[in-house]
Amino acid sequence: MLWDNIARRSAGSGGGGGVADMHAPTEHDPRSKIRIGLALGGGAARGWSHIGVLRALTAAGIVPDVIAGCSIGAVVGGCYAAGKLDQIEAFALSLTKRRVMGLLDFHISGSGLIAGTRLQRLLDQDLTDQRVESLPVRFCTIATELTSGHEIWLTRGPLVQAMRASYALPGVFDPVLVGGRWLMDGALVNPIPITAARALGADLVICVNLNGEIRIRGTVIQSYDAVEESGDEREIEEAIVEPKRWGIFPASRAGKPRKPNAPGIATVMVDAFNITQDRIARSRLAGDPPDIMISPKLAKMGLFEFHRADECIALGRQATERALPDILELIADSQAA
């Protein structure tokens with residue numbers, strides 16, 4: 001298979017041990033009395049850091065019993081649960097800007113800019129026979145139903161279909177038809193699925209928040225006159241004329257000035273998604289906080305900079321290593337209780 005070939009070519013480049021070994025608890029495994037759950041959040045290219053998180057947890061002898069994933073968290077989490085973490089890591093590290101563009105099948109006749117067929121074929125090569133309910137790790141993905149806004153937990157059915165539904169970002173990817181429902185990105189309703197991990201049986205939930213360091217200053221301006229200039233006008237203008245910070249456009253286009261108050265479609269879509277996800281995530285975290293939250297430092301990582309996987313993976317590993325003392329202490333306390 002394609003991913004297997006990439007993994008073999010990448011042997012010795014930091015891919016780590018096989019996932020089959022990861023699923024077997026070690027002798028010092030502390031989970032004899034508790035079930036550990038992982039809630040892997042959405043965040044597009046920043047989601048490659050989930051790989052580093054899983055590597056660091058595994059190295060510490062912490063193997064999850066339950067994984068709930070949203071968007072890119074559903075992809076990485078699903079590959080881990082299916083024993084394909086080596087392959088998804090090798091694939092991520094193989095990406096260049098040119099290859100990323102080659103995987104995007106743009107069209108104008110669908111419900112999104114990208115059909116997603118090429119990405120599906122890539123996933124199908126190694127996961128086509130995998131079903132969610134048959135995975136060795138309890139797993140689910142989160143999706144949002146179009147029109148009704150229902151939060152859908154995909155706990156059965158083809159794994160690739162469940163992944164695609166969870167990462168179908170509105171306006172970018174076409175929605176996915178699953179069981180008579182049109183589904184799209186789960187980050188619209190539950191960006192960090194802690195509730196799902198608990199419902200699937202986890203006693204202790206570790207969540208990975210990919211936007212924990214992304215500071216979106218949301219407040220209420222109680223009185224505003226349209227003729228007044230905002231105190232943040234310079235910052236707003238820089239965000240408009242420098243879309244390169246999102247990693248979407250090449251530098252030659254990103255440097256061209258744009259009229260104030262006339263942002264491009266990519267800036268509008270990305271900012272709107274970021275704001276929505278941030279507000280929902282903060283609300284959900286307040287209502288059902290995790291036992292431990294891992295927040296990789298991803299502020300400088302663009303949402304669509306999939307070619308920077310090596311940096312993302314390293315940041316995920318570093319964030320997890322910082323949190324490990326607290327995680328191990330919590331596991332020990334829970335075991336003793």
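Hydrogens, waters and symmetry mates play no part in the numbers below; they use all other heavy atoms, side chains included.
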Checking L40 against C70 for the side chain to side chain contact (heavy atoms under 4.5 Å, CB included) test, could you report, in this order, the C-alpha distance in whole Å, the side-chain angles of both residues, the deciding distance, and whether it holds? CA-CA 6 Å; L40 303 181; C70 177; over 6 Å; no
Worked check of side chain to side chain contact (heavy atoms under 4.5 Å, CB included) between L127 and K84: CA-CA 9 Å; L127 302 173; K84 298 292 183 180; 3.8 Å; yes
May I have the step-by-step check of side chain to side chain contact (heavy atoms under 4.5 Å, CB included) for C312 and L298, ending in yes or no? CA-CA 7 Å; C312 271; L298 300 167; 4.2 Å; yes
Evaluate the criterion side chain to side chain contact (heavy atoms under 4.5 Å, CB included) for residue pair I36 and V63; output intermediate values, then yes/no. CA-CA 8 Å; I36 297 175; V63 182; over 6 Å; no
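The shortest heavy-atom contact between A281 and P191 is N-CG, 3.9 Å. Heavy-atom minimum distance, G287 versus P289: C-CD, 3.8 Å. Across all non-hydrogen atoms, the minimal contact from L188 to P170 is CD1-CG, 3.5 Å.
Of the possible donor and acceptor atoms, one in the side chain of T141 sits under 3.5 Å from a partner among the backbone N and O of A162. In terms of modelled atom types and a separation under 3.5 Å, the side chain of N209 and the main chain of S295 share no donor-acceptor contact. For H50 (side chain) and I313 (main-chain N/O), no donor-acceptor pair under 3.5 Å exists by modelled atom type.
Here the side chains of W48 and L95 are in contact, with some heavy-atom distance below 4.5 Å. No side-chain heavy atom of L330 sits less than 4.5 Å from a side-chain heavy atom of I206. Annotation: side chain of L285 is in contact with side chain of M293 (closest heavy-atom distance under 4.5 Å).
We find that R138 and D65 are not joined by a salt bridge, their nearest charged nitrogen and carboxylate oxygen being 4.0 Å or further apart. A salt bridge links R284 with E151; the closest basic N to acidic carboxylate O contact falls under 4.0 Å. Salt bridge R46/E305: absent, no basic N to carboxylate O contact under 4.0 Å. The pair D174-R164 does not count as a salt bridge, with every side-chain nitrogen at least 4.0 angstrom from each carboxylate oxygen.
Side-chain atoms of S71 and D185 form a donor-acceptor pair, as typed in the model, at a separation below 3.5 Å. Neither side chain, D203 nor S334, offers a donor N or O lying under 3.5 Å from an acceptor on the other.
Considering OG1 of T128 and CG of L123, their distance stands at 10.0 Å, rounded to 0.5 Å. Distance CZ/R55 to OH/Y80: 9.5 Å, rounded to 0.5 Å. The distance from atom CG of D326 to atom CG of D291, rounded to the nearest 0.5 Å, is 12.0 Å. Taken from CG in L315 to OG1 in T320, the straight-line distance is 10.5 Å, to the nearest 0.5 Å. Between the OG1 atom in T144 and the CD1 atom in I152 there is a gap of 8.5 Å [rounded to 0.5 Å]. The CD1 atom of I142 sits 12.0 Å away from the CD1 atom of I192 when rounded to the nearest 0.5 Å.
Under a hydrophobic clustering in which Ile, Leu, Val, Met, Phe, Trp and Tyr are joined whenever their side-chain heavy atoms come within less than 4.5 Å, directly or via other members, L54 and L324 fall into the same cluster. Both V75 and L57 belong to a common hydrophobic cluster when Ile, Leu, Val, Met, Phe, Trp and Tyr are linked at side-chain heavy-atom distances under 4.5 angstrom. By the criterion of side-chain heavy atoms lying less than 4.5 angstrom apart, applied directly or through intervening Ile, Leu, Val, Met, Phe, Trp or Tyr residues, V137 is grouped together with V208 in one hydrophobic cluster. Placement of I72 and V176 in two distinct hydrophobic clusters is found when ILVMFWY residues are connected by side-chain heavy-atom separations under 4.5 Å, directly or transitively. Transitive grouping of hydrophobic side chains (ILVMFWY, heavy atoms separated by less than 4.5 Å) brings L303 and M301 into a common cluster.
Counting heavy-atom neighbours within 6.0 Å of R156 CZ, excluding the residue itself, gives a total of 12 or less.
Under the side-chain contact (heavy atoms from CB on, under 4.5 Å) rule, F139 has a single partner from L159, L154, T155, which is L159.
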